[in-house]
Amino acid sequence: AAISLSGGEDNLIAACTIRNLANDAVRISGGKHNGIAGCDLYRLGGGGISLSGGDRATLTACGNFAHNNHIHHFGELYRTHHDAINLNGCGCQATHNLIHDAPHHALDFGGNDHLVEFNEVYRVCMETDDAGAIYTGRNWTVQGTVIRYNFWHDIGGGPAVGNQAIYLDDCAAGTTCFGNVICRVGRAFLIGGGRDNVIHNNIIVDCRIPLHIDNRGVGI
């Protein structure tokens, strides 16, 4: 990575340009209230920003954050699963970022109690199918994340399953989505089983399928 930050408190990466890397750009792990703000990240072989920290066992939030960054043209060598922003652990925040132009996901999260708000995301999932602009899946314990007030638009469409703006896959649970504006996406939401997912007060425009919900995992 261009910058790797582990532990500590109140460390800030600000107003930097990070570009032309073979792999991921910034990794922030552990500690409290560490973050990256106001940076431009582009022409990345891998992903943009990885955030993790906190304690899932006690639901202690780390408060690590990515705020007001412009991340684009990433995943140029690693075409899948290298996201603009990846959230793990407990209590990370991705806010006010502009993200666009990538072959696969823009954001991916695991863990608990993250906040994703006031981001604009477009022209992602441009080369992949069965993907989401933001994605999580396959874990009932991924609870408490809030996705609100984001603008998702012009997301790529795959040839088989298709792509979605917000993808809670394979029994992902406990995510709240409200106040999002979603425009020109194959599916606005795909809720693949799971429980306690709350979808309300979103605006959906020119989406072939506004909301898909199924009952996978019932027999597990």
Side-chain angles (χ1 to χ4, degrees), residues 46-51 66 71-72 74-75 78-88 92 94 97-111 114-140 142-200 202-214 216-217:
I49 300 165
S50 175
L51 300 175
I71 309 168
H72 60 98
F74 56 95
Y78 297 90
R79 308 299 285 179
T80 59
H81 297 289
H82 284 254
D83 316 293
I85 301 176
N86 184 282
L87 309 174
N88 267 292
C92 295
N97 299 286
L98 176 61
I99 301 170
H100 59 92
D101 287 286
H104 202 212
H105 304 149
L107 298 100
D108 192 299
F109 67 94
H114 303 305
L115 178 63
V116 178
E117 67 176 6
F118 295 111
N119 302 285
E120 181 178 357
V121 178
Y122 64 95
R123 288 203 306 266
V124 298
C125 305
M126 299 304 290
E127 299 178 9
T128 46
D129 184 53
D130 193 17
I134 184 168
Y135 178 91
T136 193
R138 302 190 177 191
N139 193 333
W140 274 329
V142 176
Q143 301 263 349
T145 290
V146 175
I147 302 170
R148 65 187 183 190
Y149 310 136
N150 302 283
F151 183 23
W152 315 88
H153 63 99
D154 300 290
I155 307 302
V161 175
N163 295 325
Q164 24 282 323
I166 298 174
Y167 198 169
L168 309 181
D169 194 17
D170 289 344
C171 302
T175 300
T176 299
C177 306
F178 67 92
N180 296 280
V181 177
I182 303 173
C183 185
R184 293 183 296 277
V185 186
R187 291 184 193 85
F189 294 92
L190 196 159
I191 314 301
R195 57 188 70 184
D196 302 321
N197 293 306
V198 179
I199 314 297
H200 66 106
N202 300 281
I203 297 173
I204 300 171
V205 181
D206 289 339
C207 296
R208 184 172 57 87
I209 301 173
L211 175 63
H212 169 102
I213 302 176
D214 60 53
R216 71 187 76 175

Straight-line distance of [X] [atom1] to [Y] [atom2], nearest 0.5 Å:
X      : Y      : atom1 : atom2 : answer
Ile71  : Leu107 : CD1   : CG    : 8.0 Å
Ile99  : Asp83  : CD1   : CG    : 9.0 Å
Ile85  : Asn119 : CD1   : CG    : 6.0 Å
Asn97  : Phe118 : CG    : CZ    : 12.5 Å
Cys92  : Ile49  : SG    : CD1   : 11.5 Å
Arg123 : Ile155 : CZ    : CD1   : 10.0 Å

Sequence-distant partners of Tyr135, ring pair (Phe, Tyr, Trp, His ring centres under 6.0 Å), two or more places apart: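 Tyr135 satisfies ring pair (Phe, Tyr, Trp, His ring centres under 6.0 Å) with His105, Tyr167 only.
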Which residues pass the salt bridge (Lys or Arg N to Asp or Glu O under 4.0 Å) test with Asp214, sequence neighbours left out?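 Here the qualifying residues are Arg216.
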Which residues pass the salt bridge (Lys or Arg N to Asp or Glu O under 4.0 Å) test with Asp154, sequence neighbours left out?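 Asp154: salt bridge (Lys or Arg N to Asp or Glu O under 4.0 Å) contacts with Arg184.
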Tell me the closest heavy-atom pair linking [X] and [Y], and the distance in Å.
X      : Y      : result
Ala133 : Trp152 : CB-CE3, 3.7 Å
Trp140 : Arg195 : CZ2-NH2, 3.5 Å
Ile166 : Cys177 : CG2-SG, 4.0 Å
Ala165 : Ile182 : CB-CG2, 3.7 Å
Val121 : Ala106 : CG1-CB, 3.6 Å

Looking only at atom types and distance, does a side-chain atom of [X] sit under 3.5 Å from a main-chain N or O of [Y], one as donor and one as acceptor?
X      : Y      : value
Thr136 : Phe109 : yes
Asn197 : Gly174 : yes
Asn150 : Arg148 : yes
Asn163 : Gly132 : no

I would like to know whether His104 and His81 meet ring-ring contact (aromatic ring centres under 6.0 Å, His included); could you show each step before the answer? CA-CA 7 Å; His104 202 212; His81 297 289; 4.6 Å; yes
Under the side-chain contact (heavy atoms from CB on, under 4.5 Å) rule, collect the residues that match up with Arg79, sequence neighbours excluded.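 Glu76, Pro103, Glu127.
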Residues in side-chain contact (heavy atoms from CB on, under 4.5 Å) contact with Glu120, at least two apart in sequence or another chain: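 Leu98, Tyr122, Phe151, His153.
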Which of these passes side-chain contact (heavy atoms from CB on, under 4.5 Å) with Asn180: Ile203, Ile204, Val116, Asn202?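 When Ile203, Ile204, Val116, Asn202 are each tested with Asn180, the side-chain contact (heavy atoms from CB on, under 4.5 Å) holds only for Asn202.
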Quick one: side chains of residues 185-194, donor-acceptor pairs under 3.5 Å with protein atoms, not counting sequence neighbours, listed by atom name and distance.
{"residue": "Arg187", "atom": "NH1", "partner": "Val161", "partner atom": "O", "Å": "2.8"}
{"residue": "Arg187", "atom": "NH1", "partner": "Gln164", "partner atom": "OE1", "Å": "2.9"}
{"residue": "Arg187", "atom": "NH2", "partner": "Val161", "partner atom": "O", "Å": "3.0"}

Does Ile209 CD1 have over 12 foreign heavy atoms under 6.0 Å away?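 Yes - once you tally the heavy atoms of other residues, nucleotides and ligands closer than 6.0 Å, there are more than 12.
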Using 30° and 60° as the class limits, which term best fits the ring planes of Phe178 and Tyr149: parallel, tilted or perpendicular?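 Answer is perpendicular, since the angle exceeds 60°.
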